[in-house]
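Excluded from the calculations below are hydrogen atoms, water molecules and symmetry mates; all remaining heavy atoms, backbone and side chain alike, are included.
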Amino acid sequence: MTDTPTRRAPGLIIELAIVMVVLVSTKLIFDQIAWRFAGPISLTFTLAAIAGFTIRHRESWSSFGLRRLKRWWSVPLVLPQALLGVVAILAIGAGTALAGEALGFWTTEGTQTGVEARWGNIEGNLPVYLMWMAIGWTSAAFGEEIFFRGYLIDRIGKLLPSARWATAVAVFIPALIFGIAHAYYQGVRGLIVTGLIGLALGTLYLVNKRNLWPNIIAHGVVDSLAFTAMYLDLDI
């Protein structure tokens, strides 16, 4: 993992604690005001807090995977990596859903209550569809990947000692938080599915040498497919 002087550990712990307090507190507050948008709103406040710390410590966002593509041909090279991410997300989502149904944990028939409550008005409603597409690419694809993959993996990795298990832990903890963050409207099934997707995306992030762009593209594409299916009322 990344070598960090011991003297920085207390500062990193305090920073992480503040960021998590911002995430949780704003989520709880906006749950009472605008439930459907509480997640994106709380993530916006959280990214603002992270931005404050990066400015204070004169860090670059490239530390969290937002690398500048130096050459024009670097862009097409990102696409196969993004495609792998799309395949991984879809495979985990479908595989986990079917496995859970086979084991009797849940049924794949119908729509989950929380999902219906949050996105039930998207069908055939173009303004709502376009609104969620915009949120999907900004808050979900861009914001969630920066926070759950780029930021958390970096910070947790810097707090862990140099050991073989450290990388796995640095990927696992953000994936667990990612799953918990989606459980409020997707339930246990959502926690498991998104947690496993978080593991896959965290692993791909490291495999891609901490380049976050493939993850962002993959996340955005999958969300776009989901919103389009809901808008067209497709049974997938």
Side-chain angles (χ1 to χ4, degrees), residues 1-2 23 39-40 43 46-47 62-67 77-103 105-106 108 112 114-115 135-158 160 163-229 236:
M1 299 305 297
T2 305
L23 177 71
L43 187 58
T46 304
L47 292 178
S62 61
S63 301
F64 310 137
L66 293 181
R67 296 183 178 179
L77 294 178
V78 169
L79 298 181
Q81 298 171 330
L83 179 60
L84 179 60
V86 171
V87 173
I89 294 171
L90 295 178
I92 290 172
T96 306
L98 293 175
E101 183 176 49
L103 293 171
F105 294 148
W106 53 66
T108 57
Q112 293 173 267
V115 174
I135 293 174
W137 277 98
T138 53
S139 176
F142 193 76
E144 288 184 0
E145 290 307 314
I146 290 177
F147 178 65
F148 291 105
R149 256 61 69 181
Y151 177 77
L152 285 183
I153 289 178
D154 175 79
R155 289 303 192 249
I156 293 173
K158 286 179 176 177
L160 296 175
R164 293 181 178 179
W165 51 264
T167 300
V169 172
V171 172
F172 175 78
I173 293 177
L176 178 61
I177 298 172
F178 187 58
I180 294 172
H182 289 78
Y184 77 101
Y185 71 97
Q186 295 183 24
V188 176
R189 174 178 165 184
L191 187 155
I192 295 172
V193 172
T194 55
L196 291 174
I197 289 173
L199 281 177
L201 289 174
T203 302
L204 288 174
Y205 173 58
L206 297 183
V207 169
N208 293 329
K209 299 179 179 179
R210 296 179 182 260
N211 182 359
L212 199 60
W213 292 112
N215 276 25
I216 292 173
I217 295 171
H219 198 147
V221 167
V222 171
D223 281 359
S224 295
L225 291 174
F227 289 139
T228 301
I236 59 173

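Contact annotation: the side chain of Leu152 never approaches that of Ile173 to less than 4.5 Å [non-hydrogen atoms, C-beta and beyond]. Contact of the Leu206 side chain with the Ile153 side chain is registered, since non-hydrogen atoms from C-beta on lie closer than 4.5 Å. Two residues are said to be in side-chain contact when any heavy atoms from C-beta on lie closer than 4.5 Å; Trp137 and Asp223 fail this criterion. Side-chain atoms of Leu23 and Phe147, non-hydrogen and from C-beta on, do get closer than 4.5 Å to each other. Taking 4.5 Å as the limit, every side-chain heavy atom of Leu212 sits out of range of all side-chain heavy atoms of Tyr151.
Checked against side chain to side chain donor-acceptor pair (under 3.5 Å), Tyr205 has no partners two or more places apart in sequence or in another chain. Evaluation of the salt bridge (Lys or Arg N to Asp or Glu O under 4.0 Å) rule for Arg67 yields no partner, not counting sequence neighbours. Residues meeting the salt bridge (Lys or Arg N to Asp or Glu O under 4.0 Å) test with Glu145, sequence neighbours left out: Arg149.
Between Phe178 and His182, the angle of the ring planes goes over 60°, which puts this pair in the perpendicular group of the 30/60° scheme.
Nearest heavy atoms, Ala170 versus Ile156: CA-CG2, 3.9 Å. Of all heavy-atom pairs between Ile135 and Pro40, the closest is CG2-CG, 3.8 Å. Closest non-hydrogen pair, Gly143 versus Leu47, comes out as CA-CD1, 3.7 Å. Nearest heavy-atom pair, Thr194 versus Gly179, reported as atom, atom and distance to 0.1 Å: OG1-CA, 3.2 Å. A pairwise comparison of heavy atoms in Gly198 and Ala175 identifies C-CB, 3.6 Å as the closest pair. The shortest heavy-atom contact between Pro214 and Gln81 is CG-OE1, 3.3 Å.
Summarising the geometry, atom CG belonging to Leu84 is positioned 10.0 Å from atom CD1 belonging to Ile89; distances are rounded to the nearest 0.5 Å. Atom-to-atom distance recorded for Arg210:CZ and Leu66:CG is 13.5 Å, nearest 0.5 angstrom. Taken from CG in Leu204 to CG in Asn211, the straight-line distance is 11.5 Å, to the nearest 0.5 Å. Distance check: Leu201 CG to Leu196 CG gives 11.0 Å after rounding to the nearest 0.5 Å. Distance CG/Asn215 to CD1/Ile146: 11.5 Å, rounded to 0.5 Å. Taken to the nearest 0.5 Å, the CD1 atom of Ile197 stands 6.0 Å off from the CD1 atom of Ile92.
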